[in-house]
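Here is the structure we will look at.
Note that the coordinates shown come from a computational prediction; the quantities given were computed from them, not determined experimentally.
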Amino acid sequence: EVQLVESGGGLVQAGGSLRLSCAASGFTFDDYAIGWFRQAPGNEREGVSCFSSSDRSTYYAHSVKGRFIISSDNAKNTVYLQMNSLKPEDTAVYYCAASQLKHGRTTCPPALRNYDYWGQGTQVTVSS
């Protein structure tokens, strides 16, 4: 059974940092890309970052580039999202998701529609 479990969310002041973790199980980690998405109240879910274990490529949305860093610990089947210089507009529920790398693809796909498995989400609240 595929499972993705997020942790590390919380309340932080603007300018602060948080590190989210996504622990994956039930599939071969190297065959999947892991993405981070977020959804604020009243907004659609949007892509934040993704990581491919296959070629270690990464992607960042423009809104977080230079502030967020995605990384992985393959031995632990865990992907991290280090979030620095947080802003109130980063407030959202953050989800991690897994996308199987198919047809020779090695890079992580940024689009939400490519992801098959989702975690339950973790709340991040940034106060001003």
Side-chain angles (χ1 to χ4, degrees):
E1 178 188 5
V2 174
Q3 279 196 322
L4 298 166
V5 180
E6 303 97 334
S7 61
L11 173 64
V12 65
Q13 287 189 331
S17 297
L18 283 174
R19 189 177 80 157
L20 305 183
S21 299
C22 173
S25 61
F27 59 90
T28 303
F29 197 65
D30 288 352
D31 293 340
Y32 282 76
I34 301 295
W36 283 100
F37 298 82
R38 66 186 181 187
Q39 188 166 18
N43 289 0
E44 293 186 353
R45 195 169 297 189
E46 63 176 4
V48 174
S49 181
C50 66
F51 174 87
S52 167
S53 292
S54 178
D55 64 2
R56 303 196 73 77
S57 61
T58 59
Y59 160 84
Y60 296 97
H62 178 74
S63 59
V64 306
K65 197 172 291 185
R67 299 189 297 123
F68 290 12
I69 301 171
I70 193 168
S71 63
S72 80
D73 184 336
N74 283 26
K76 296 182 179 179
N77 282 7
T78 299
V79 173
Y80 304 99
L81 186 68
Q82 177 68 41
M83 306 187 296
N84 301 319
S85 302
L86 282 161
K87 305 175 182 180
E89 51 263 44
D90 294 317
T91 295
V93 178
Y94 283 70
Y95 300 89
C96 69
S99 172
Q100 187 175 13
L101 298 170
K102 301 175 183 176
H103 311 302
R105 179 171 191 145
T106 60
T107 57
C108 68
L112 185 148
R113 65 179 182 274
N114 295 297
Y115 289 80
D116 305 305
Y117 304 103
W118 292 83
Q120 82 288 352
T122 185
Q123 177 69 47
V124 171
T125 303
V126 184
S127 63
S128 57

Can you give me every donor-acceptor pair (side chain of residues 39-46, partner residue at least two apart or in another chain, under 3.5 Å) with its distance?
| unit_1 | atom_1 | unit_2 | atom_2 | d |
| --- | --- | --- | --- | --- |
| Gln39 | OE1 | Arg45 | NE | 3.3 |
| Gln39 | OE1 | Arg45 | NH2 | 3.4 |
| Gln39 | NE2 | Asn43 | O | 3.1 |
| Glu46 | OE2 | Arg38 | NE | 2.7 |
| Glu46 | OE2 | Arg38 | NH2 | 3.3 |

Could you list the donor-acceptor pairs under 3.5 angstrom formed by side chains in residues 120-128, with sequence neighbours left out?
| unit_1 | atom_1 | unit_2 | atom_2 | d |
| --- | --- | --- | --- | --- |
| Gln120 | NE2 | Glu6 | O | 3.3 |
| Gln120 | NE2 | Glu6 | OE1 | 3.4 |
| Thr122 | OG1 | Gly9 | N | 3.2 |
| Gln123 | NE2 | Ala92 | O | 3.4 |
| Gln123 | NE2 | Thr125 | OG1 | 3.3 |

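Residues Ser17 and Asn84 approach most closely at OG-OD1, 3.0 Å, considering heavy atoms. Closest heavy-atom contact between Leu101 and Ser54: CD1-CB, 3.6 Å. When all heavy atoms of Ala98 and Ile34 are compared, the pair lying nearest together is CB-CD1, 3.9 Å. Nearest approach of Ser49 to Leu81, heavy atoms of both residues: CB-CD1, 4.1 Å. Pairing each heavy atom of Gly26 with each of Val2, the nearest pair is O-CG2, 3.9 Å.
For residues 56-128, the set of pairs meeting the disulfide bond (SG atoms under 2.5 Å apart) definition, not counting sequence neighbours, comprises Cys22-Cys96, Cys50-Cys108. Screening residues 15-35 for salt bridge (Lys or Arg N to Asp or Glu O under 4.0 Å), with sequence neighbours left out, gives no hits. Residue pairs meeting the ring pair (Phe, Tyr, Trp, His ring centres under 6.0 Å) criterion with at least one member in residues 1-33, sequence neighbours excluded, are Phe27-Tyr32. Each ring pair (Phe, Tyr, Trp, His ring centres under 6.0 Å) pair with one or both residues in residues 69-89, not counting sequence neighbours, would appear here, but there are none.
Residues Arg56 and Phe51 have side chains in contact (heavy-atom distance under 4.5 Å, counting atoms from C-beta outward). Contact of the Lys102 side chain with the Asn114 side chain is not registered, since no non-hydrogen atoms from C-beta on lie closer than 4.5 Å. Residues Asp90 and Arg67 have side chains in contact (heavy-atom distance under 4.5 Å, counting atoms from C-beta outward).
With side-chain heavy atoms closer than 4.5 Å counting as contact, directly or through intermediates, the hydrophobic cluster containing Trp118 also holds Phe37, Val93, Tyr95, Leu112, Tyr115.
The side-chain contact (heavy atoms from CB on, under 4.5 Å) search around Thr107 returns Asp55, Ser57, Arg105, not counting sequence neighbours. Contacts of Ser85 classified as side-chain hydrogen bond (donor to acceptor under 3.5 Å, both in side chains), with partners at least two apart in sequence or in another chain: none. Under the rule for a side-chain contact (heavy atoms from CB on, under 4.5 Å), the partners of Ala75 that lie at least two apart in sequence or sit in another chain are Asp73.
In terms of modelled atom types and a separation under 3.5 Å, the side chain of Ser52 and the main chain of Thr106 share a donor-acceptor contact.
Hydrophobic clustering of Ile, Leu, Val, Met, Phe, Trp and Tyr side chains at less than 4.5 Å, counting indirect connections, unites Leu4 with Trp36. Hydrophobic cluster membership is shared by Val64 and Leu86, with clusters built from Ile, Leu, Val, Met, Phe, Trp and Tyr side chains linked at under 4.5 angstrom.
Going from atom CE of Met83 over to atom CD1 of Ile69 covers 12.0 Å, rounded to the nearest 0.5 Å.
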